[in-house]
Amino acid sequence: MNVCIIGAGYVGLTTAAVLAKLGHTVHCIDENEQKIAALQRGEIPIYEPRLAELFTDHQSRLFSHHDGQKHIQEADVIFICVGTPPDVKGKPDVSYVNRAIDMLIPHVSDHQTLVMKSTVPIGTNERIYERLKNEGKHVRVVSNPEFLREGSAVYDSFHPDRIVIGLRDDDDRSLSVMQTLYAGIHAPYVVTSLSGAEMIKYAANAFLATKISFINEMARLCDTYGVDVVDVAKGIGLDGRIGPHFLQAGIGYGGSCFPKDVTALIQMAYEQMVRPYMLEATKAVNDTQINWYVQKMKRTLGELAGRRIAVLGIAFKPNTDDIRESPAVLLINKLHAHGADVIAHDPKATLPHDVAVKQAKTIDEAVKKADALIVATDWDAYKQLNWEEVKRMMNGNAVIDGRNSLPREAIMNAGLHYIGVGRR
Ligand code: UDX
Ligand code: UDX
């Protein structure tokens, strides 16, 4: 098939590479000229494992354009993968989606299929279908939300747990178009209405975020009892009804999806006059989780002002350079606001310009002379540190495990003081 992808971000680029590997010819279109120029030079503008190789291996079927008029006209399927960032109230801003539709309308024709991959508020795809129809364009509209995780986007795209397809009742063609498009990917299809698919996306992210806030709340409780939350997560996770995934307590969830999607669903519930008690609680726990770690550090170090603190990790999670809504950045800002002398490190991510904290080039540079060290993003590099060496380089001996991912015994055997929330 001939495929067009509007929006060459994390989701757009991953979708493009996967479809090219499946044999389709893919044209990426993005309004960001620098991004397109980089792609045309063969440079992938984001760090995502395996993505660059896929682009190289399938470059004969992968193209990038700033102005994609011709390719939109010739496409069998057009994907929308533009951003839907939150507006001031936390409602999803669909202006990029609307702008993409504005750009498309003059060029699309009745035989084409328009596929929404961006996370959009409930009812958006029905509105788009009506708008196209009012413009005399009987284009089939499909809602096909993605569930890929950054850092494992390529793997997740080739091994999805399910493929969700939202269709209009009167659409008897698009399901087979999507099955042909994804031929080669083996996963159950969930076929529902356009709004049903939109709701599945939000509910999935909200549930995962709620699981994280639940275990973080348990970690706080465990902390007061001297119980190990890792044991608790293991003990409840073996119950097939609960499952072991997304029960890793720590400084909270971040990224371009969970924070904005939970807030968006809360706003949608208010509009629908439904009180979202659970979602409010999920957000409230996540908004206050970092404070528990800062309080622990104050109890350990006393006043933080003037203390040299090494923060290992800037990205919102390992294996990505993405810092959007990163809990690590929030922590760095909070410690800085307490007057601490903070130095940060990350293997791939870079501190935002507005964060007035030094970023070390090496782990050693960050750790040297530190009074305390906190791991805020659980990169493997930090889990495999030589703790005797760390002890020698630090001034203090406090090691705070912000992601419950460090080897506690090895740290204590090295004479360091291991600190966690909900860790016995
Ligand atoms: C996006 C959405 O943010 C997310 O809600 C959804 O689930 C999947 O798609 P992501 O791929 O991470 O996620 O977005 P981002 O990395 O911001 O990429 C969006 C791209 O669209 C950017 O490259 C931007 O330049 C481009 N864009 C945006 C356009 O080309 N045209 C527009 O009108 C707006
Ligand atoms: C998420 C969803 O997993 C994915 O299906 C959806 O398409 C997009 O949003 P992503 O944002 O890339 O993917 O990251 P994810 O791996 O889900 O982690 C999100 C945040 O939760 C990170 O900050 C991570 O550190 C945190 N997290 C995750 C925990 O704190 N504990 C856990 O057990 C799991």
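Atoms within a ligand are numbered from 1 in the order they appear, just like the ligands themselves.
- Checked for salt-bridge contact, E271 and K89 miss the test: no charged N lies under 4.0 Å from a carboxylate O.
- Within 4.0 Å of ligand 2, the residues that place a heavy atom are E146, F147, L148, R149, E150, K201, N205, I212, F246, L247, Q248, G252, Y253, G254, C257, F258, F316, K317, R403, listed by chain and number.
- For K211 and F246, the positive end is not near the middle of the six-membered ring at less than 6.0 Å and at most 45° from its axis.
- Annotation: ring pair (Phe, Tyr, Trp, His ring centres under 6.0 Å) contacts involving residues 322-345, sequence neighbours excluded, comprise H345-Y382.
- A salt bridge does not link D231 to K234: none of the charged side-chain nitrogens sits closer than 4.0 Å to a carboxylate oxygen.
- With respect to K348 and E48, no salt bridge is recorded, no charged nitrogen being found less than 4.0 Å from a carboxylate O.
- Of the residues listed (T282, N205, N286), the one engaging T210 in a side chain to side chain donor-acceptor pair (under 3.5 Å) is T282, and it is the only one.
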